[in-house]
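Bear in mind that the values here come from a model prediction, so they are computed numbers and not experimental data. The first residue of the sequence shown is numbered 1, and numbering continues consecutively from there.
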Amino acid sequence: MSLDATDFPLFKVEDRDGWKRVSNERLFDNPHISVDKVECLTPHRQEKAVPWLVVQRKAAVAIAPVTEDGQFVLISQERIPVQQTLWEFPAGQIDVPLDAITPDIIVDTAMRELLEETGYALAPGAELEPLGWFLPSQGFTDEHVYLFQAKPVCVVSRPTPDGSEHISDVRLVSSGELRRMIAANEITTALTLALYARMAAKGTV
């Protein structure tokens, strides 16, 4: 793995550039999400704080695995909130507090999720390229997902998803087939679309 993979900026929600959170009240909390009632001064609203409800979730990773011959690895995963089984790139949450996250922890999470969900790992001499992050639903949550491209990958084991997941299939698709699936609305998950958009912008897909 390229050592450069652990040298990238981290996403942070913080007071700066005219933003200031002046109050924060925790309304709900459990191991998966919390809900805060906040008031913020914004760059263009400095005289009166703006009230908002903010859902906090763990940060996450999403990985676009690419084989030696240029095929992308997709998984078919059951998603209970939408009651659908969806094609997507492997992904997972980072199980440490936000203020304890480091690039090394992010990379370790990405490698673990890749192996658990697909059975693939980085081949000798492969690179894990950081592609920044994206915000899945910035209107109500601070959730952010770190994006990576892993190339090339190879099969090393069977998928071993954790007990809360059900992955029914692992599939290899060409760049053209991936593009067709997106155009046909067969791929609808934000993390997969975000990864494709980032790779397309960088000219790697």
Any link between [X] and [Y] through a network of hydrophobic side chains (Ile, Leu, Val, Met, Phe, Trp, Tyr) touching at under 4.5 Å?
X: Ile106; Y: Leu131; answer: no
X: Leu191; Y: Phe8; answer: no
X: Val35; Y: Leu135; answer: no
X: Leu193; Y: Leu178; answer: yes
X: Val145; Y: Leu74; answer: yes

Please give me the minimum heavy-atom distance between [X] and [Y], naming the atom from each residue.
X: Ser174; Y: Gln71; answer: N-OE1, 4.2 Å
X: Ala150; Y: Ile63; answer: CB-CG2, 3.8 Å
X: Ala121; Y: Val156; answer: CB-CG2, 3.9 Å
X: Phe148; Y: Pro130; answer: CD2-CA, 3.6 Å
X: Ala200; Y: Val205; answer: N-CG1, 3.3 Å
X: Pro65; Y: Leu114; answer: CG-CD1, 3.5 Å

[atom2] on [Y] to [atom1] on [X], rounded to 0.5 Å:
X: Glu78; Y: Leu86; atom1: CD; atom2: CG; result: 10.0 Å
X: Thr67; Y: Lys151; atom1: OG1; atom2: NZ; result: 9.0 Å
X: Thr85; Y: Ile75; atom1: OG1; atom2: CD1; result: 11.5 Å
X: Met199; Y: Leu147; atom1: CE; atom2: CG; result: 9.0 Å

Could you give me the CA-CA distance, side-chain angles and deciding distance for Asn24 and Val54, then say whether side chain to side chain contact (heavy atoms under 4.5 Å, CB included) is met? CA-CA 10 Å; Asn24 197 110; Val54 177; over 6 Å; no
State which residues pass side chain to side chain donor-acceptor pair (under 3.5 Å) with [X]; sequence neighbours excluded, sorted by chain then number.
X: Glu113; result: none
X: Gln83; result: none
X: Thr160; result: none

Mind jotting down which residue pairs meet the salt bridge (charged side-chain N to carboxylate O under 4.0 Å, His left out) criterion with at least one end in residues 38-55? Sequence neighbours excluded, please.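 For residues 38-55: none.
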Salt bridge (charged side-chain N to carboxylate O under 4.0 Å, His left out) partners of residues 189-205, not counting sequence neighbours, each pair once: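 Found Glu129-Lys202.
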For atom CD1 of Ile80, decide whether the heavy atoms of other residues, nucleotides or ligands shown that lie under 6.0 angstrom number more than 12.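 No, CD1 of Ile80 has 12 or fewer neighbouring heavy atoms, counting only those of other groups under 6.0 Å.
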Can you list every pair that meets ring pair (Phe, Tyr, Trp, His ring centres under 6.0 Å) and has a residue in residues 18-68, with sequence neighbours left out?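 Those involving residues 18-68 do not exist here.
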Please report the C-alpha distance between Leu53 and Leu27 in whole Å, then the side-chain angles of each, then the deciding distance to 0.1 Å, and finally whether the side chain to side chain contact (heavy atoms under 4.5 Å, CB included) criterion is met. CA-CA 9 Å; Leu53 289 180; Leu27 302 178; 3.6 Å; yes
Among all residues two or more places apart in sequence or in another chain, which pass the salt bridge (charged side-chain N to carboxylate O under 4.0 Å, His left out) test with [X]?
X: Glu25; result: none
X: Asp29; result: Arg26
X: Arg158; result: none

Walk me through whether Tyr196 and Phe72 qualify under ring-ring contact (aromatic ring centres under 6.0 Å, His included). CA-CA 11 Å; Tyr196 184 87; Phe72 290 87; 7.8 Å; no
Only pairs at least two apart or in different chains count here, so list each side chain to side chain donor-acceptor pair (under 3.5 Å) that has a residue in residues 132-148.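 Passing the test, one end in residues 132-148: Arg57-Glu143.
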Verdict with supporting geometry, Ser76 and Ser168, side-chain hydrogen bond (donor to acceptor under 3.5 Å, both in side chains): CA-CA 6 Å; Ser76 178; Ser168 58; 3.1 Å; yes
Between the main-chain N or O of Pro43 and the side-chain N or O of Asp17, is there a donor-acceptor pair closer than 3.5 Å?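 Between the backbone of Pro43 and the side chain of Asp17 there is no qualifying donor-acceptor contact (under 3.5 Å).
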Would you sort out whether Val73 and Leu172 count as a side chain to side chain contact (heavy atoms under 4.5 Å, CB included), showing the intermediate values? CA-CA 5 Å; Val73 184; Leu172 296 178; 3.5 Å; yes
For residues 87-95, please give each side-chain donor-acceptor pair under 3.5 Å, one per line with the distance, not counting sequence neighbours.
unit_1: Glu88; atom_1: OE1; unit_2: Arg79; atom_2: NE; d: 3.4
unit_1: Glu88; atom_1: OE2; unit_2: Gln77; atom_2: NE2; d: 3.2
unit_1: Glu88; atom_1: OE2; unit_2: Arg79; atom_2: NE; d: 3.3
unit_1: Glu88; atom_1: OE2; unit_2: Arg79; atom_2: NH2; d: 2.4
unit_1: Asp95; atom_1: OD1; unit_2: Lys58; atom_2: NZ; d: 2.9

Any side-chain donor-acceptor pair under 3.5 Å between Asp104 and Thr102?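 Note: Asp104 and Thr102 side chains miss the donor-acceptor criterion.
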Which pairs would a plain distance check flag for residues 180-189, meaning a side-chain donor or acceptor within less than 3.5 Å of a matching protein atom at least two apart in sequence or in another chain?
unit_1: Arg180; atom_1: NE; unit_2: Glu177; atom_2: OE1; d: 3.0
unit_1: Arg180; atom_1: NE; unit_2: Glu177; atom_2: OE2; d: 3.4
unit_1: Arg180; atom_1: NH1; unit_2: Glu186; atom_2: OE2; d: 3.0
unit_1: Arg180; atom_1: NH2; unit_2: Glu177; atom_2: OE2; d: 2.9
unit_1: Arg180; atom_1: NH2; unit_2: Glu186; atom_2: OE1; d: 2.9
unit_1: Arg180; atom_1: NH2; unit_2: Glu186; atom_2: OE2; d: 3.4
unit_1: Thr189; atom_1: OG1; unit_2: Thr192; atom_2: OG1; d: 2.9

